[in-house]
Amino acid sequence: MIGTANGLAVSITGLGAYVPERVVTNDDLSTMMDTSDEWIVERTGIRERRIAGPEEALSDLALPAARQALEDAGLKGSDIDLLIVATVTPDMAFPATAAIIADELGAHDAGAYDLSAGCTGFMYAVAQAYAMLAGGLAQRALVVGGDVLSKIMDWTDRRTAVLFGDGAGAVVMERVGEGGFLGFELGADGSGGPQLYLPGGGSRTPATVESIADGQHFVQMNGREVFKFATRVLVSSAEAVLAECGRTVDEVDVYVPHQANVRIIDYATHKLGIPDDRVVIDVDRYGNTSSGSIPIALADAKADGRLTAGRLVLMTGMGAGLTWGSGLIEWTDGGTT
Ligand code: ACO
């Protein structure tokens with residue numbers, strides 16, 4: 001799916017992020033499994049990640065991020081009429097975490113639902129919110145991207161456990177006078193699903209004593225295949241959305257790729273021809289936070305003063321599905337509805 005924004009101008013008018021307090025370094029991991037700081041840094045660029053406490057669920061990370069985004073936009077929870085939570089680790093299978101969050105925020109008039117598209121979830125959710133706002137179905141949207149992947153990791157599997165961290169980010173989206181989103185490209189290749197999946201817990205492999213003992217309720221990944229996929233789509237999706245919007249890579253001021261791995265980001269950045277100083281990287285501090293990765297990186301970029309009005313910002317996510325998604329936005333200062 002690809003398209004340019006030809007409806008009303010819609011932009012991000014508020015940003016927030018939250019990560020758990022507990023920092024787990026690579027050295028900490030090396031006391032739990034056969035790995036080392038040297039291996040993890042060389043192969044991934046990750047130095048540490050945040051891990052949720054036993055009592056912390058997704059909504060506990062998402063709510064502070066959402067409240068920060070609302071404050072940044074100068075809005076209250078009751079102003080929101082659309083709330084989407086992109087995640088693969090909701091508080092529970094149902095009700096949707098979005099409904100839990102809407103209640104906590106006082107967003108009683110909001111349509112609220114969860115969306116599952118792996119690490120690409122945030123980009124899918126932002127594209128949906130764009131369409132609902134531009135189409136006049138909603139006035140003010142809150143989009144949360146977040147995951148608590150530590151809860152679905154096999155902590156004895158060094159091939160996966162070292163890569164991920166917990167965290168959430170949130171954006172408020174509103175109509176604006178000009179600027180804002182220029183276009184989106186989203187895609188999915190279900191034939192690649194078994195390269196990165198969690199087989200247990202659904203209707204195919206329900207929770208049984210056997211499926212739990214067999215490790216079916218933990219993330220399983222073919223790292224090399226995911227690496228090849230990720231490097232390919234980071235480039236192709238970015239090129240596609242830029243071409244569709246009539247923009248060139250030289251015009252991109254800030255590039256926010258999904259924070260999976262520094263090697264994947266470096267490959268894509270150089271292949272696209274984006275100068276290093278325009279790339280946002282925080283995977284060294286947070287690991288791969290899945291749906292949280294892009295909004296957390298946006299919040300980091302804003303804190304660094306990199307997101308100023310008029311700047312062209314390119315975001316691309318990719319992950320389980322296998323899915324991918326890009327969005328191009330001309331950054332704006334705030335909503336004008
Ligand atoms: N510590 C030490 N050694 C390890 C570890 C570890 N944590 N993990 C694997 N190894 C070993 C392997 O067992 C293997 O040993 P062997 O040669 O004796 O068999 C060796 O290191 C090399 O393993 P490879 O899997 O070939 O290592 P590779 O260079 O491919 O790096 C990695 C693995 C980092 C997972 C890489 O494939 C990758 O980054 N893939 C992308 C995965 C990803 O980012 N997924 C995120 C989710 S999807 C998304 O967000 C896009």
Side-chain angles (χ1 to χ4, degrees), residues 24-49 86-89 116-124 145-167 169 186-190 192-198 218-238 256-269 271 280-284 286-297 315-326:
V24 174
T25 64
N26 294 342
D27 285 336
D28 294 333
L29 290 181
S30 69
T31 66
M32 299 160 59
M33 60 190 84
D34 184 14
T35 191
S36 64
D37 179 55
E38 190 187 1
W39 192 97
I40 300 171
V41 170
E42 189 190 314
R43 305 284 177 128
T44 73
I46 299 166
R47 294 183 182 277
E48 60 186 41
R49 73 285 295 141
T87 189
V88 295
T89 50
S116 169
C119 301
T120 318
F122 178 76
M123 293 314 306
Y124 269 60
D147 270 302
V148 196
L149 290 179
S150 64
K151 309 270 180 168
I152 55 168
M153 283 297 139
D154 176 354
W155 284 96
T156 64
D157 180 4
R158 67 180 184 175
R159 294 167 304 151
T160 52
V162 304
L163 304 176
F164 299 98
D166 301 330
L186 306 177
D189 172 11
Q195 306 299 349
L196 176 57
Y197 74 144
L198 190 156
F218 294 129
V219 171
Q220 300 180 16
M221 184 183 68
N222 180 341
R224 285 188 183 181
E225 286 306 314
V226 172
F227 191 96
K228 282 192 252 171
F229 156 77
T231 47
R232 189 176 72 248
V233 298
L234 263 190
V235 175
S236 61
S237 182
V256 186
H258 171 48
Q259 307 285 310
N261 179 322
V262 165
R263 283 197 300 154
I264 293 173
I265 295 173
D266 281 350
Y267 176 91
T269 304
K271 189 92 177 163
V280 179
I281 296 184
D282 60 17
V283 67
D284 51 324
Y286 302 127
N288 179 349
T289 56
S290 185
S291 279
S293 129
I294 291 180
I296 292 172
M315 301 171 252
T316 301
M318 71 284 170
L322 298 167
T323 54
W324 61 91
S326 289

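The chain is numbered in sequence order, starting from 1. Remember, it's 1-based here, ligands and their atoms both numbered in the order they're listed.
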**Student:** Looking only at protein heavy atoms, identify the closest one to atom 22 (C) of ligand 1 and say how far it is in Å.
**Tutor:** Arg43 NH1, 3.6 Å

**Student:** Could a heavy atom of Ile40 be found less than 4.0 Å from some atom of ligand 1?
**Tutor:** no

**Student:** What protein heavy atom lies closest to atom 40 (N) of ligand 1? Include the residue and the distance to one decimal.
**Tutor:** Gly223 O, 2.9 Å

**Student:** May I ask you to list the atoms of ligand 1 that are less than 4.0 angstrom from any heavy atom of Val162?
**Tutor:** 7 (N)

**Student:** Numbering the atoms of ligand 1 from 1, which are under 4.0 Å from a heavy atom of Phe164?
**Tutor:** 46 (C), 47 (C)

**Student:** Tell me, which protein residue and heavy-atom name are nearest atom 25 (O) of ligand 1, and how many Å apart are they?
**Tutor:** Arg224 NE, 4.2 Å

**Student:** Considering only heavy atoms, does Thr35 approach ligand 1 within less than 4.0 Å through its side chain, its backbone, both, or neither?
**Tutor:** both

**Student:** Looking at ligand 1, is there an atom of it that comes within less than 4.0 Å of some heavy atom belonging to Arg263?
**Tutor:** yes

**Student:** Got a sec: does the NZ of Lys271 have more than 12 other heavy atoms crowding it under 6.0 Å?
**Tutor:** no

**Student:** Which protein heavy atom lies closest to atom 44 (O) of ligand 1, and at what distance to 0.1 Å?
**Tutor:** Ala260 CB, 3.7 Å

**Student:** Identify the closest protein heavy atom to atom 38 (C) of ligand 1: which residue and atom is it, and at what distance?
**Tutor:** Phe227 CD1, 3.6 Å

**Student:** Does a donor on one side chain and an acceptor on the other come within less than 3.5 Å for Asn261 and Thr44?
**Tutor:** no

**Student:** What protein heavy atom is closest to atom 46 (C) of ligand 1, reported as residue, atom name and distance in Å?
**Tutor:** Asn288 ND2, 3.3 Å

**Student:** What's the shortest heavy-atom distance between Tyr124 and Ala188, and which atoms?
**Tutor:** OH-CB, 3.9 Å

**Student:** Is the shortest distance from atom 16 (P) of ligand 1 to a protein heavy atom below 4.0 Å?
**Tutor:** no

**Student:** Identify which of Met318, Met221, Arg158 has a heavy atom lying nearest to atom 13 (O) of ligand 1.
**Tutor:** Arg158

**Student:** Look at atom 48 (S) of ligand 1 and say which protein heavy atom is nearest, naming residue and atom and giving the distance to 0.1 Å.
**Tutor:** Leu196 CD2, 3.3 Å

**Student:** Ligand 1 versus Trp39, non-hydrogen atoms closer than 4.0 Å: side chain, backbone, both, neither?
**Tutor:** side chain

**Student:** Mind checking whether Phe218 and Asp157 have side chains closer than 4.5 Å, heavy atoms only?
**Tutor:** no

**Student:** Run the numbers on Arg159 and Asn222 for side-chain hydrogen bond (donor to acceptor under 3.5 Å, both in side chains), then give the verdict.
**Tutor:** CA-CA 9 Å; Arg159 294 167 304 151; Asn222 180 341; over 6 Å; no

**Student:** Just jot down the ligand 1 atoms closer than 4.0 angstrom to any heavy atom of Asn261, in number order.
**Tutor:** 38 (C), 39 (O)

**Student:** If we only count heavy atoms from C-beta on, is the Leu149 to Val88 side-chain gap below 4.5 Å?
**Tutor:** yes

**Student:** Quick one: look up the protein heavy atom nearest atom 34 (C) of ligand 1 and list residue, atom name and how far away it is.
**Tutor:** Thr44 CG2, 3.8 Å

**Student:** Quick check: closest heavy atoms across Met123 and Gly317, and the distance to 0.1 Å?
**Tutor:** CG-N, 3.9 Å

**Student:** Kindly state if atom 10 (N) of ligand 1 has a protein heavy atom within a strict 4.0 Å cut-off, that is, under 4.0 Å?
**Tutor:** yes

**Student:** By side chain to side chain donor-acceptor pair (under 3.5 Å), which residues pair with Ser30, not counting sequence neighbours?
**Tutor:** none

**Student:** At the 4.0 Å heavy-atom cut-off, does Phe229 count as touching ligand 1?
**Tutor:** no

**Student:** Would you confirm whether any non-hydrogen atom of the protein falls under 4.0 Å from atom 19 (O) of ligand 1?
**Tutor:** no

**Student:** Search all heavy atoms of Asp282 against all heavy atoms of Ala297 and return the closest pair with its distance.
**Tutor:** OD2-CA, 3.4 Å

**Student:** Tell me if the CZ atom of Arg263 is crowded by more than 12 foreign heavy atoms within 6.0 Å.
**Tutor:** yes

**Student:** Side-chain contact, heavy-atom cut-off 4.5 Å: Met32 with Trp155?
**Tutor:** yes

